[in-house]
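Notes for the one structure printed next.
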Amino acid sequence: MTCVVNTIPADHTNPISSDDNQCDEERPEDSVLDFKNVPVLTPEQEKKLWRKIDLRIMPILSLMYLLAFLDRTGNIGNAKLEGIMTQLDLTGDRFNITLVCNVTVKPYCLFECPANLVLKVFRPSRWLPGINLVWGVVMTLMAFVKTYPQLVGVRICLGIAEAGLFPGVVYYLTLWYPRHMLQYRIGLFFGAATISGAFSGLLAFGIGYMGGIGGLEAWSWIFMLEGLLTIVVAIIAFFVLVDFPSTAKFLTQEERAFVVWKKKYDNSSVGEEERFVTRHVWAALKDWQIWLHIFMYISIVVPLYGITLFLPFGYNIPVSQLLTVPPYVTATLALLVFAHYSDKLKMRYPFILVGLTMCLIGFSINISAAPVGVKYFGTFFIVTGSYGAFPGVISWLGNNLSGQYKRGVGMALEMSIGNFSGIVAASIYRLQDEPRYILGHAVELMFIGIGLIVLPILVFIYKRINAQRDAAEHLATERGEKAQYSIQELRELGDRAPDFRYTL
């Protein structure tokens with residue numbers, strides 16, 4: 001590797017603040033690594049470096065989330081098929097209430113934002129596996145519940161335990177990867193949730209034959225075995241997961257410097273704000289785009305949760321379990337294709353639009369009086385559209401928030417408030433509406449409509465702001481105007497800085 005004196009990427013020079021582009025002493029956060037020796041990598045060398053990072057952190061994160069999604073949503077639907085409804089007397093709305101207790105909703109949502117704030121304090125390599133371990137224990141204990149109140153209590157504990165994982169991992173990935181490499185990594189990570197839908201059906205199909213062994217019902221074995229597997233993965237994660245690029249021992253000193261430099265100047269010509277102050281929380285709460293993105297998030301997550309919880313239908317139990325597999329396999333492939341081309345084109349909204357359109361088609365088929373086989377075909381559209389669009393929704397907001405802590409708070413807000421919509425997904429598919437679930441499908445279509453309204457509004461506002469900043473920069477260059485902001489002021493402005501451009 002060739003080393004050069006280089007602290008700011010060549011394509012990120014700041015014409016507005018050139019007079020303030022001074023030495024490294026003005027950048028206290030750069031002191032962690034020597035930015036005077038950042039290596040210049042060829043495209044092939046850089047690709048090799050990112051592949052090295054991917055192989056170290058993505059497999060364990062994906063496995064952790066596969067089990068989280070399996071524990072949170074997949075296994076309760078399969079347990080329903082294996083007799084938990086009658087044995088725990090889940091009559092009336094009790095099953096839906098059980099889902100609301102975890103899908104999760106109140107505990108899961110309320111603890112997501114605080115969990116992101118403490119992630120950097122407790123270190124990802126301890127915090128994330130610790131979450132994994134706790135919910136594995138809770139899931140194992142769920143195998144021994146004997147009454148409906150016990151099930152509700154354990155599901156609430158499960159929601160609390162899992163709350164910090166997804167927002168924590170997404171925030172963690174934004175600390176490692178540049179913004180236009182992010183969706184593919186979120187896709188790899190979230191693809192584990194898609195696979196969990198298929199894995200859940202296959203696993204439940206096999207475990208279903210264990211009913212009566214050890215005096216436990218088949219649904220108890222589903223909870224126990226999946227919980228024990230989660231505990232094993234958590235223990236492995238304690239030894240495999242790393243913290244931050246600046247301290248990653250599996251990278252060389254030059255590689256660490258390159259990754260930190262690449263990420264630091266990814267969306268700012270002067271480097272991203274990295275220190276925590278309370279104004280970052282208030283800046284996130286007052287940011288218009290976060291609140292619009294919450295509606296965008298809800299429009300995807302309600303169909304996603306709804307189809308995950310109620311996909312097994314229409315046939316005997318073994319066949320229903322197996323029929324859950326093909327839609328999720330298809331969705332996993334589509335998700336990765338969406339993510340690859342979204343990063344390559346550096347655009348998010350076209351792929352979100354495709355996902356919403358597929359959900360619209362799928363639920364339109366399922367709300368009709370079509371035969372069961374046709375409705376099953378419609379579920380391919382729903383699963384593929386919702387899972388394919390979800391990483392784009394998450395990465396889009398992450399791309400457009402600058403400042404590490406503002407991004408952490410903003411993304412956690414999006415997910416925590418947005419996940420309250422899980423109450424809707426868990427409540428609209430009532431037992432008395434079987435088998436057509438007209439009410440449930442109609443509500444899903446309503447949320448998809450909200451997404452189709454909010455999406456063009458977001459694109460219009462982003463394009464308008466980008467155009468205004470381009471015009472202001474061009475005018476300042478023509479007039480030869482001096483800097484209006486200091487380096488520190490530009491850092492503090494973050495995504496409101498004149499040199500920041502929103503991703504579409």
Side-chain angles (χ1 to χ4, degrees), residues 69 72-86 90-105 194 197-198 200-201 204 298-328 330-331 355-387 389-390 419-452:
F69 208 82
R72 187 167 76 247
T73 57
N75 61 18
I76 191 67
N78 292 312
K80 177 182 177 182
L81 292 175
E82 295 294 347
I84 195 173
M85 300 290 290
T86 55
L90 301 183
T91 56
D93 293 331
R94 284 187 168 188
F95 181 71
N96 299 80
I97 292 171
T98 300
L99 298 178
V100 169
C101 289
N102 171 259
V103 171
T104 5
V105 172
T194 319
S200 174
I298 289 172
S299 72
I300 293 294
V301 83
V302 173
L304 186 151
Y305 273 144
I307 196 65
T308 298
L309 294 168
F310 297 97
L311 180 58
F313 69 94
Y315 298 93
N316 62 56
I317 292 174
V319 173
S320 293
Q321 300 282 25
L322 292 176
L323 284 177
T324 63
V325 176
Y328 286 107
T330 304
L356 285 169
T357 303
M358 293 181 74
C359 288
L360 179 66
I361 294 171
F363 278 110
S364 297
I365 292 173
N366 273 272
I367 202 172
S368 71
V372 172
V374 177
K375 291 187 176 185
Y376 177 66
F377 174 71
T379 63
F380 279 80
F381 284 95
I382 300 169
V383 177
T384 302
S386 58
Y387 278 83
F390 187 78
N419 278 337
F420 273 102
S421 62
I423 296 175
V424 177
S427 303
I428 57 179
Y429 289 95
R430 304 174 303 175
L431 292 176
Q432 60 263 40
D433 295 330
E434 288 183 319
R436 287 187 61 183
Y437 293 116
I438 293 177
L439 173 65
H441 295 328
V443 174
E444 299 279 16
L445 288 168
M446 179 193 73
F447 278 99
I448 294 167
I450 291 173
L452 291 172

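Bear in mind the structure is a predicted one, so any value in this text is a computation, not a measurement.
We find the CG-CD distance between Leu439 and Glu444 to be 10.0 Å, quoted to the nearest 0.5 Å. Annotation: the span from Ile438 atom CD1 to Ile428 atom CD1 amounts to 13.0 Å, rounded to 0.5 Å. Between Lys375 atom NZ and Thr379 atom OG1 the span is 11.5 Å, to the nearest 0.5 Å. How far CG of Asn366 is from CD1 of Ile382: 4.5 Å, rounded to the nearest 0.5 Å.
Listed here is the closest heavy atom pair of Phe390 and Val301: CE1-CG2, 4.2 Å. The two atoms that bring Ser386 and Ile300 nearest to each other are O-CG2, 3.5 Å, heavy atoms only. Considering all non-hydrogen atoms of both residues, Leu356 and Ser299 come closest at CD2-OG, 3.8 Å. Shortest non-hydrogen contact noted between Pro303 and Ile448 is CG-CG1, 3.9 Å. Between Val374 and Ile365, the shortest heavy-atom contact is O-CG2, 3.6 Å.
In this view, Phe381 and Phe377 satisfy the ring pair (Phe, Tyr, Trp, His ring centres under 6.0 Å) rule, not counting sequence neighbours. Here Ile298 pairs with Ile294, Val302, Ser421, Phe447 under the side-chain contact (heavy atoms from CB on, under 4.5 Å) rule; sequence neighbours left out.
Contact check for Phe380 versus Pro326: side-chain heavy atoms found under the 4.5 Å cut-off.
Using cut-offs of 30° and 60° on the angle between ring planes, the pair Tyr429 and His441 is perpendicular.
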